[in-house]
Amino acid sequence: MSLTKEESILEVRNLRTSFFTDEGEVKAVDGVDFSIEKGKTLGIVGESGSGKSITSLSILRLLQEPVGRIKEGEVIFKGEDLLKKSKKQMMAIRGNNISMIFQEPMTSLNPTLTCGEQIAESIRIHQKLNKKKAWEKSVEMLKLVGIPSPEKRAKQYPFELSGGMRQRVMIAISLACNPELLIADEPTTALDVTIQAQILELIKKLQEDMGTSLMIITHDLGVVAEMCDKVAVMYCGKVVEYADVKTVFTDPKHPYTIGLLNSVPKHDEDVEGDLAIITGSVPSPFNLPSGCSFAPRCPSAKEICHATLPELAETSDGDKVRCWIYTDQWEKEGEAVSRHE
Amino acid sequence: MDHQPQLETMAVNPARVGNSKAIRMKSFYKKLAKNKAAMVGAFIVIVFSLLAIFAPLLAPYDPTEMQLSKKLETPSSEHWLGTDDKGRDILSRLLYGSRISLTVGILSTLLGALTGIILGVVAGYYGRWVDSLIMRICDVLLAFPGILLALAIVSVLGASTTNVIIAVAFYAIPTFARIVRGSTLTVKKLEYIDAIKAMGARDTRIIIKHILPNVLSPIIVQSTLYIASAIITASALSFLGMGTKPPTPEWGTMLAQGRSYVAQAPHITLFPGLVILLVVVGFNLFGDGLRDALDPKTKK
Amino acid sequence: ACGGNGTSGNESKPEADDDESSESASGELVFVTPSDAPTLDPHGQNDTASNTATSQILERLTDYAEDGTVVPLLATEFDNIDDTTWEFKLREDVKFHDGSDFNAEAVKMSLDRILDPKLASPKAVILNMISEVVVIDDYTVHIKTEEPFAPMPAHLAHNAGSIIAPSAIEEENNGGTKIDENPIGTGPFKFKEWNRGAEIKFDKNEDYWGEVPSFDSISIKVVPEQSTRVAMLETGEANIMLVGASDVERVEAMDKIEIDRVRGTRMDYVSFNLNKPPYDDVKVRQAIAMAIDKEDVVKGILDGQGIPAVGPLAPNVIGNSQDLEPLPYDVDAAKELLAEAGHPDGFKTTIYVNEGSKERADIAELVQAQLAPIGIEVEIEVIEWATFLEKTGAGEHELFVLGWTTVTGDADYGLYALFHSSQHGDPGNRSFYNNPKADELLDKGRTSTDQDERNAAYAELSEILVEEAPMVYLHHPDFVHGTNGIESGLFVNFGGTPFFKGVKLAN
Amino acid sequence: MSDQALLEVKELKQYFPIKGGVFGRTVNHVKAVDDVSFTVNEGETVSIVGESGCGKSTTGRAILRLDNPYSGNIYFQGEDLVSLSKSQMRKKRKDLQIIFQDPYASLNPRQTVSQILEEAMEIQKVIPKKDRRKKITELLETVGIGAHQIDRYPHEFSGGQRQRIGIARALSVDPKLIVCDEAVSALDVSIQAQVLNLLKDLQRKFKLTYLFISHDLGVVRHISDRIIVMYLGKIVEVADKKSLFNQPRHPYTQALLSAIPSTNITERRERIILTGDVPSPIDPPAGCRFHTRCPLAFDRCAKEEPKLMSVSGSGYQQVACHLTEESKA
Amino acid sequence: MIGVTLAVFLMMHLIPGDAAKIMAGENANPEQIEQMRENLGLNEPLYQQYFSFIGNAVQGDLGNSIRTSRAVTSEIFDSRFWITVQLALVGTVLAVIFGLLAGIISATRKYSFADVSLMVIALFGLSMPNFWLGIMLIYLFSVNLGWFPVAGWGTWEHMILPAITLGTAGAAIIARMTRSSMLEVMDQDYIRTAYAKGVSDKLVIYKHGLRNALIPVVTVVGLQFGTLLGGAVITETVFAVNGLGRLVIDSIRAHDFPMVQGTILVCAVLFVVVNTMVDISYRLLNKRIDLN
Ligand SMILES: Nc1ncnc2c1ncn2[C@@H]1O[C@H](COP(=O)(O)OP(=O)(O)OP(=O)(O)O)[C@@H](O)[C@H]1O
Ligand SMILES: Nc1ncnc2c1ncn2[C@@H]1O[C@H](COP(=O)(O)OP(=O)(O)OP(=O)(O)O)[C@@H](O)[C@H]1O
Ligand SMILES: [Mg+2]
Ligand SMILES: [Mg+2]
Ligand code: NI
């Protein structure tokens with residue numbers, strides 16, 4: 001299954017983003033490739049610090065320059081490289097063609113503007129509607145995201161709303177201009193499960209209604225399983241596995257994905273005894289191991305894993321995995337060596 | 001004048017205290033050392049402290065000796081910075097003056113900070129009526145416009161170096177108390193305080209071992225900034241004739257006394273003015289730098 | 001507060017217009033002074049600020065001419081008709097500012113008022129030799145004294161002899177507005193308003209009996225900062241100011257500024273409180289006097305704008321003797337004296353000095369510096385003027401710096417109030433000096449009509465005063481006024497009081 | 001459940017005053033925990049689950065008297081902790097410990113690991129001074145931190161390691177009961193699993209009793225024997241693990257369970273999506289607190305507060321719901 | 001407010017030394033002192049004195065000045081109070097305008113030449129003794145350039161230099177405050193949200209950034225007002241403005257206790273009032289406060 005420009009709305013190729021700090025360069029995103037098909041949902045999972053958020057910010061070029069910089073790569077949106085666009089062109093795309101929902105509903109809304117104003121703002125910018133029209137549209141949006149008595153709520157400030165409502169307002173903002181692509185960075189992490197269920201349901205419904213493509217960032221494998229069509233698993237700034245959602249949950253390839261799936265305590269099945277675990281912890285971004293970043297924690301790592309970084313390569317069933325195991329090389333290597341710190 | 005730089009400094013941000021200690025401690029010195037402005041500030045402060053300490057060795061003349069025949073001399077090889085309206089050597093007076101001005105600045109800040117810290121920690125830790133009471137007192141103190149409080153205190157106690165220190169210190173109390181209270185409140189909420197409480201630790205132990213060290217950094221920053229404004233407040237008191245007594249070569253007094261000669265002998269006000277400016281700027285830069293270095297959020 | 005800002009903004013606009021229009025007509029004279037007058041009652045505090053202000057609106061029977069002689073003012077002539085009676089013939093065409101007539105009755109009321117023990121005027125000392133004022137007819141009064149009193153006309157020329165309108169006095173006596181706020185006189189200017197602490201305003205008196213002033217009004221502005229005053233003079237915002245010695249050179253060098261210098265009868269001194277140890281010991285006093293270098297004071301502090309004092313009297317005071325032998329400047333001797341007095345290591349003391357006078361503050365500092373070598377540690381306390389007078393009058397001081405101007409130009413005035421034991425405290429003897437011999441000589445100088453006899457008495461007295469040193473006589477400063485925007489006509493008498501009536505403003 | 005109750009919480013209420021008005025008077029209360037009773041037996045793990053703000057932490061803190069309870073009793077080994085004086089309580093603290101959520105905020109950044117542990121021992125005087133160092137090394141070894149790291153500062157450790165240090169501190173005084181307040185919530189899944197395994201290990205080794213506070217039902221299912229479900233300051237259901245997960249009785253529990261996104265891709269269940277938000281604990285709804293969001297609510301729910309009642313079933317289960325009551329009747 | 005009156009009262013009454021003695025003079029005999037004490041009501045118990053002081057103060061009676069024997073309230077409110085309020089207001093306005101401008105420019109061009117030089121200027125403004133600045137301004141603008149009158153009060157020209165003198169430190173503080181507050185705000189999540197909506201840089205800075213950055217600045221302005229009142233003592237002395245500040249210092253020097261008591265009380269009350277107003281506007285500006 002190869003991805004071609006015609007069917008994908010967004011294609012990220014070899015994206016590399018670094019932060020230049022006092023302590024040195026942090027390669028937050030270090031070679032990321034994936035694509036999103038029109039109307040479909042891509043999930044990006046990975047542990048904290050694996051570069052999920054930075055990937056999404058890089059796409060919209062919202063990084064804090066000059067500390068964070070996109071070093072190379074391409075972000076092809078509808079056939080055009082966003083990284084080559086001017087600032088002005090980017091402004092026209094943001095919020096209009098591509099919009100974004102952030103993790104923290106508490107802090108992502110401006111506390112000094114009413115919810116209505118904040119929704120209306122992007123409508124006025126992109127659709128050039130007058131104040132009154134924009135306001136009406138924003139009330140409509142609030143209704144759409146399921147906020148009761150939207151006229152009243154539109155005049156309220158974010159602090160007057162609960163977390164779930166705020167996230168709905170965020171969704172209303174991001175969907176106000178019918179974007180073709182919606183990026184949701186951990187849209188429900190800060191919410192309770194019952195609220196999370198509401199929000200996920202809402203996103204799913206709106207996506208179906210509007211035909212929006214969706215990119216969901218999360219560390220919750222359950223969310224991925226429920227929402228996505230495709231999954232990219234990230235580890236230390238790299239995509240280690242990129243596959244169909246079914247494949248990932250039924251037949252994970254990368255040892256990290258396998259470990260991850262096993263270490264989640266499940267609420268709907270009994271696990272007797274201890275959880276299977278991944279030993280060790282995520283390496284410091286300043287001090288990444290050479291070769292495969294997961295090698296020090298990998299139960300099956302061999303010499304080559306410590307020495308050389310594998311490519312994100314297609315396996316026989318169409319998945320992409322960044323692991324030596326699925327290469328011809330593997331057989332030639334010797335016994336597994338573990339190098340725990 | 002008596003600025004209120006306390007408003008500029010942050011109370012401890014709950015997220016910053018424990019959370020980013022990691023980046024903090026390690027890179028604190030690095031950051032400080034990298035901050036050129038802070039290093040300039042530190043340099044100025046250190047140089048003046050040394051000058052103050054070694055003033056008797058360095059000063060070419062007796063700072064109070066008048067040579068009326070040599071009054072208002074412009075800078076020369078004999079008197080590097082010239083002489084004042086009574087023929088006293090300005091350099092010597094400035095050198096000796098650094099002892100007084102720095103003492104006034106530092107002692108009053110220390111005194112005020114110490115009282116403020118105690119009040120603030122007690123108020124913040126115990127809360128309830130203790131907190132209300134202490135904060136009301138601070139509000140009352142703050143309600144007296146800056147220098148008026150100092151003036152009133154000096155006028156009651158009489159004008160002298162000691163009383164100036166007391167007056168300026170008095171004004172510092174609510175400032176510090178508020179900051180410390182704020183920090184204490186945030187630190188108090190941190191889980192390690194609960195953990196140690198759950199261990200069965202006494203309040204005194206918690207306050208001294210666990211709260212104080214963690215509220216100290218904003219205080220240190222505040223102190224350096226306050227020293228600067230204390231020096232200026234002291235000089236304002238001198239201007240109003242309520243500061244240190246002549247012939248004490250306090251900088252503010254020198255500046256205040258020389259002001260009649262602004263036109264014919266600008267050097268006698270220029271130098272004290274410059275020195276005050278320099279030291280105050282020095283403390284301010286250093287304080288700012290400290291703050292930035294202690295604040296993990298600053299990048300670059 | 002927004003409203004307040006708005007309205008006052010509106011208020012201030014027309015005021016500004018007013019100022020300009022009146023200025024273009026014939027103008028306002030601005031005199032700047034470091035401190036406000038404590039009172040506008042000519043019988044109140046005896047200080048420069050009050051005297052300067054009241055001298056413009058109230059007049060006296062006599063006046064001092066430029067050469068120091070006494071000339072008639074509200075009187076047309078005066079005569080000594082017997083040993084103890086002076087006859088004054090009065091001007092007949094004079095009216096007070098309120099329109100009432102000036103006459104003998106008014107003179108009697110005013111003089112009786114200042115002599116009234118209930119009023120306890122600090123200036124009573126100047127006229128308290130008067131035993132009775134007798135109205136002979138509408139325009140003739142007899143002023144009687146117990147003893148013969150030679151300098152009577154000179155004393156009446158002093159501000160204390162100001163004649164206040166009877167209506168004002170009656171009003172005060174009836175519990176109405178005090179003279180302090182309602183000074184009605186016959187002078188070339190009349191009181192308009194007094195914004196305490198800031199400004200006193202006088203308008204010209206259109207009905208003045210003499211030559212009506214050429215300009216509209218006087219504003220006496222209080223500007224505490226010396227450098228601000230100088231700046232105001234320089235920009236022409238102020239027309240006249242008394243220039244401190246330290247600024248003379250600089251002010252003289254300024255473009256538009258004229259300098260008016262008058263040799264004064266003033267003597268600046270450092271006084272002791274003889275009621276307080278250790279100053280009750282003459283040796284301590286002498287020691288201090290000998291430790292202070294007067295040459296230094298004149299050169300260093302007066303910038304040469306004055307002369308060192310040998311005794312209590314300036315050379316232009318009648319009855320002074322300049323061949324006195326002053327206590328020498330001798331630090332070693334001073335130390336010895338101090339040791340003899342039982343203070344070999346010196347002691348600590350406080351010196352009071354009034355705020356607003358840089359010269360006196362400097363003197364205080366100099367004294368501080370010069371007493372340091374003999375072990376006396378002096379602390380300087382700067383006090384607001386009115387309080388300063390109060391405190392020193394009440395004898396709360398140890399040392400203080402002050403000046404005394406012999407406003408009558410006569411030795412009696414220069415010495416009596418300062419040294420007579422009847423004058424302790426507020427009247428002038430703030431050192432609380434008490435010496436029967438001195439009292440005797442002072443009385444003799446006062447009563448004798450023979451000028452030679454008087455001179456002899458004053459010479460002897462001066463020697464005693466130098467020896468006993470109830471104060472350190474420092475110097476006699478010149479009165480230097482800087483003027484800007486004034487063509488002519490400023491008259492400053494030897495007492496330093498400026499008179500503005502003859503001033504012609506430049507255009 | 002034959003064991004003797006180690007901890008018995010009776011009618012615990014925790015109201016926090018809300019100050020307001022000009023004079024800072026108490027104008028209202030946050031009814032964070034409102035009449036909660038339960039027991040914890042020796043050696044078992046009891047979990048409290050519920051949505052944010054339902055009073056889980058408050059309950060834990062009240063038990064440890066980190067905040068003094070508003071009313072109610074807490075019997076620990078038969079002794080009422082609420083009635084103890086401050087200094088008596090201080091001695092008791094040896095037996096009751098707590099592990100916190102935030103691995104960053106729960107350690108004093110200015111103390112080294114050994115200082116942190118030593119201070120704990122010093123306060124409770126459990127171990128003579130000379131033996132402490134040895135004990136510290138042992139403890140760290142137990143929680144999986146090498147002895148060579150004994151003199152490091154917290155910031156030199158990763159989140160999971162820090163959580164281990166927190167556990168070591170709690171263990172250093174040989175407690176009987178440990179309250180784990182979201183002890184693994186802040187950790188990444190791979191690390192969370194490590195810590196969970198450790199906690200289980202330690203329980204076996206030291207015969208610990210856990211009161212485990214969490215909002216993650218997956219974690220809860222993994223570690224607990226019995227589970228308490230709270231909603232808005234009240235207990236709505238208490239049950240042993242099996243009963244709760246296999247046959248949740250309370251509509252809230254059911255909704256909660258179904259709301260969790262499952263990684264089980266093959267078997268999709270029907271989800272119950274609740275409407276609305278959790279009401280404010282300042283003015284909780286009358287009657288059953290869940291009735292405003294309950295899909296099955298009927299008249300009685302708004303009027304009458306349901307009592308916690310045992311239901312018959314395979315195991316131990318108590319529910320506070322009129323529905324179960326009525327179906328029983 | 002009660003605390004303020006109590007503090008003023010205690011300051012004047014519990015000071016070392018007997019007010020009556022100080023007022024009657026050192027040489028006064030015991031009867032005189034007793035008389036003075038009676039006049040001042042000093043032989044009543046302290047709490048009673050306090051209540052009568054409060055009672056009178058509430059009725060607008062702060063006693064009579066010892067120096068001028070006029071009512072303290074009329075001395076204060078006839079003109080002086082308004083002059084100082086005007087001065088402080090103009091000073092505040094200047095400080096706010098220049099402080100904000102400088103702060104915004106600095107924050108938006110972080111580390112640029114403009115930023116660095118503005119912050120250096122602000123630092124100097126902060127470090128400059130008030131009186132020195134005042135004298136320098138007089139020499140520069142009045143004497144040398146002749147733009148403004150040297151001293152006095154009445155027209156707007158008179159106000160400029162004192163207001164600048166008074167406002168400089170405030171402007172410096174506000175500038176620094178605005179800058180750091182602005183930088184902090186620009187780091188917030190909702191700014192990122194705004195950018196993600198496609199809002200232009202300018203709009204993000206002014207609509208989203210500044211509005212939030214102003215919140216802490218407003219409190220500073222309120223507190224600054226108090227500092228300004230204090231600074232008035234100096235400014236009014238230098239520029240010969242007959243306001244409250246001069247009255248305070250003159251009264252302090254003259255040991256005119258009722259006057260000192262009255263003026264300080266009025267200043268403190270004014271300060272409290274201004275801060276209450278600031279508090280209210282703060283609430284309007286930022287409704288989040290209600291939550292806490
Ligand atoms: N402003 C910054 N300066 C320096 N490093 C940064 C900055 N922002 C992020 N990083 C680093 O980039 C890496 C990736 O961060 P990112 O925010 O993308 O992680 P994430 O996968 O979104 O994690 P989380 O699940 O915690 O949100 C991390 O190692 C982080 O430390
Ligand atoms: N000290 C306090 N003062 C006032 N209200 C409080 C206090 N502590 C907690 N609360 C309130 O009590 C309620 C319960 O809080 P608690 O922390 O127990 O919830 P929780 O179940 O632990 O939630 P979470 O899952 O978010 O930790 C909340 O509404 C909270 O706002
Ligand atoms: Mg992220
Ligand atoms: Mg909790
Ligand atoms: Ni207003």
Side-chain angles (χ1 to χ4, degrees), chain A residues 53 56-57 59-67 87-114 117-127 155-161 166 169-170 173-174 176-177 179 182-183 185 190, chain E residues 100 104 107-113 115-116 177-219 221 278-292:
Chain A
S53 300
S56 64
L57 290 177
I59 293 171
L60 273 183
R61 289 173 49 197
L62 286 173
L63 294 166
Q64 278 188 335
E65 316 231 0
V67 184
K87 235 178 146 176
K88 246 209 170 108
Q89 287 171 316
M90 264 330 275
M91 254 154 55
I93 289 172
R94 289 183 199 140
N96 192 23
N97 304 77
I98 306 177
S99 54
M100 201 160 171
I101 308 174
F102 295 101
Q103 170 171 6
E104 277 290 331
M106 303 294 163
T107 56
S108 294
L109 289 174
N110 189 332
T112 52
L113 294 175
T114 62
E117 281 169 340
Q118 299 193 46
I119 302 171
E121 187 174 24
S122 75
I123 298 174
R124 289 184 62 192
I125 291 170
H126 298 298
Q127 305 191 341
K155 290 190 196 111
Q156 287 185 320
Y157 289 89
F159 76 89
E160 295 169 279
L161 307 181
R166 277 184 236 191
V169 172
M170 266 311 292
I173 291 175
S174 57
C177 301
L182 176 63
I183 302 175
D185 186 356
Chain E
L100 276 184
I104 294 168
T108 50
R109 306 195 171 93
K110 202 173 157 193
Y111 301 130
S112 71
F113 176 75
D115 175 25
V116 172
M177 185 80 204
T178 309
R179 178 178 185 267
S180 64
S181 168
M182 193 80 182
L183 287 178
E184 178 142 3
V185 165
M186 292 309 282
D187 248 10
Q188 298 292 316
D189 288 351
Y190 53 80
I191 294 295
R192 199 179 52 190
T193 307
Y195 278 121
K197 280 198 278 188
V199 180
S200 67
D201 286 2
K202 251 213 180 84
L203 216 59
V204 170
I205 289 169
Y206 290 99
K207 188 164 166 192
H208 295 267
L210 191 57
R211 201 190 272 234
N212 287 287
L214 279 186
I215 292 164
V217 176
V218 170
T219 4
V221 174
V278 165
D279 235 35
I280 292 168
S281 57
Y282 189 82
R283 266 164 218 266
L284 291 180
L285 199 67
N286 180 16
K287 300 210 174 130
R288 276 184 310 182
I289 305 294
D290 290 349
L291 208 60
N292 309 327

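Proteins come first, then strands; the chains are lettered A, B, ... in the order of their sequence lines, and each starts at number 1.
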Backbone of A:Leu113 reached by a side-chain donor or acceptor of E:His208 within 3.5 Å: no
[X] versus chain E, the contacting section by heavy-atom distance below 4.5 Å:
| X | answer |
| --- | --- |
| A:Ile173 | side chain |
| A:Met170 | side chain |
| A:Lys88 | neither |

For A:Arg94, side-chain hydrogen bond (donor to acceptor under 3.5 Å, both in side chains) partners two or more places apart: none
Report the residues that fulfil side-chain hydrogen bond (donor to acceptor under 3.5 Å, both in side chains) with E:Lys202, sequence neighbours left out, ordered by chain and then residue number. none
Would you call [X] and [Y] a side-chain contact if the rule is heavy atoms closer than 4.5 Å?
| X | Y | answer |
| --- | --- | --- |
| A:Gln118 | E:Thr193 | no |
| A:Glu117 | E:Lys207 | no |
| A:Leu57 | E:Arg192 | yes |

Which pair of non-hydrogen atoms, one from E:Tyr195 and one from A:Leu62, has the smallest distance, and what is that distance? CB-CD2, 3.4 Å
Could you give me the CA-CA distance, side-chain angles and deciding distance for E:Arg211 and A:Asn110, then say whether side-chain contact (heavy atoms from CB on, under 4.5 Å) is met? CA-CA 10 Å; E:Arg211 201 190 272 234; A:Asn110 189 332; 5.6 Å; no
Taking every heavy-atom pair that is under 4.5 Å apart, which of E:Ser200, E:Gly198, E:Ala194 has the most such pairs with chain A? E:Gly198
Side chain, backbone, both or neither: which part of E:Leu203 has a non-hydrogen atom closer than 4.5 Å to chain A? side chain
Derivation and outcome, side-chain contact (heavy atoms from CB on, under 4.5 Å), residues A:Ile125 and E:Lys197: CA-CA 9 Å; A:Ile125 291 170; E:Lys197 280 198 278 188; 5.6 Å; no
Chain E contacts, top residue of A:Arg124, A:Met90, A:His126 (heavy-atom pairs, under 4.5 Å): A:His126
